[in-house]
2 protein chains.
Amino acid sequence: MNVGQAAEQAGLPVKTVRYYADIGLVEPQGRSEAGYRIYGASEVSKLTFIRRARAFDFSIGDCRELLGLYQDKSRSSRDVKAMALKRLEQIDGKLEELHKLRDELARVAKECRGDNRPDCPILDSFSGQENA
Amino acid sequence: MNVGQAAEQAGLPVKTVRYYADIGLVEPQGRSEAGYRIYGASEVSKLTFIRRARAFDFSIGDCRELLGLYQDKSRSSRDVKAMALKRLEQIDGKLEELHKLRDELARVAKECRGDNRPDCPILDSFSGQENA
DNA sequence: CCGAAACCTTCCGTTTACTGGAAAGTGTAG
DNA sequence: CTACACTTTCCAGTAAACGGAAGGTTTCGG
């Protein structure tokens, strides 16, 4: 199948699939006489795999590593779990940070009357003139 | 004061302060005879302002806009509040997404024994072979 | 069989918000 | 005077693609 179909099956934009081929992440089975990339079910699996891993915020580098584990039938699940737990930790950190951010922004937004007058607690908080 | 001191006071890397000058976000008061950027308290305030806004995930474009409002003494707080609420919405969306992600990753990681055997629910979930 | 539409190719530039480094000039402390 | 810290500009690169141009291919319909 051509790149378009492979992309559709994997749920990725065509450009992205080509990009992944360019960086050697998922190379097509081969090329047609006209130079078209040819993909098979196995490549679609890998692309799908990557789409999902990316949705978990794994970097392309991580994906490369995970794909290696994915294809290595003799890998130990320990390695994979270690990566997953590390990522989980990162996500938790990000979540916490984002939560704090959200709450602070919500707080200052709530304090702002949102009228025609210029005084605005939001901007005050940015400039470090909070009265809290 | 020179760029280094301004950066320190604003809590930003020197490179970043120079970058902000380059893109016309916060330009120095002037230049010394030797061509050194000269900053004053007012610029440091703006830099600090931007650092904080950036911590709220506002883009540079947003910061430019906010800085305009910040400096415009006749602005209405309504405009600022509208921006803040929009950003809040975005953050909430991101939070929700990240939460789902976290939970799913935690779930598959928990199911993974993490031993020397190759079977791994984490990788299975990536390739779409979940049994859930 | 021809022409248009819908594919596909490569290449190049753009994006975001910086960061790093090189080469060279300047200011300062001892 | 010299070492060293600080500054300048410029160039390149990062992540992970996206957008578009110019051109080749395939396929569908008449």
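Lettering follows sequence order; numbering is per chain, from 1. Keep in mind that what you see is a predicted model, and the values were worked out from it rather than measured.
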Rounded to the nearest 0.5 Å, how far apart are SG of A/C63 and CZ of A/R51? 12.0 Å
What contact category does A/V14 fall into here, base, sugar-phosphate, or nothing, at under 4.0 angstrom with non-hydrogen atoms? nothing
Just call it for A/R54: base, sugar-phosphate, or nothing, with non-hydrogen atoms closer than 4.0 Å on any strand. sugar-phosphate
If you measure from the Lys or Arg side-chain nitrogens to the Asp or Glu carboxylate oxygens, is any gap between A/K86 and A/D92 under 4.0 Å? no
Any side-chain to backbone donor/acceptor pair from A/E43 onto A/G40? Under 3.5 Å, distance only. yes
Mind calculating the distance between CD1 (B/I23) and P (D/dT9) to the nearest angstrom? 15 Å
Do any N or O atoms from the side chain of B/D62 and from the backbone of B/S59 form a donor-acceptor pair under 3.5 angstrom? yes
5' priority, DNA chain C, between A/K15 and B/Y19 [closest heavy atom]: A/K15
Does a side-chain N or O of A/T16 approach OP1 or OP2 of D/dC18 to a distance below 4.0 Å, or not? yes
Should B/V3 and B/Y36 be marked as a side chain to side chain contact (heavy atoms under 4.5 Å, CB included) after you check the CA-CA gap, both sets of side-chain angles, and the distance that decides it? CA-CA 8 Å; B/V3 71; B/Y36 285 18; over 6 Å; no
Hey, can you pull the residues of residues 24-37 of chain A with a non-hydrogen atom under 4.0 angstrom from DNA chain C? A/R31, A/G35, A/Y36, A/R37
First-last contacting nucleotides on DNA chain C - partner chain B, under 4.0 angstrom, heavy atom: C/dA17 to C/dG27
How many whole angstroms separate atom CD of B/E8 from atom P of D/dA5? 16 Å
Test B/I50 against every option in B/L25, B/V17, B/T16 by the side-chain contact (heavy atoms from CB on, under 4.5 Å) rule and name the one that passes. B/L25
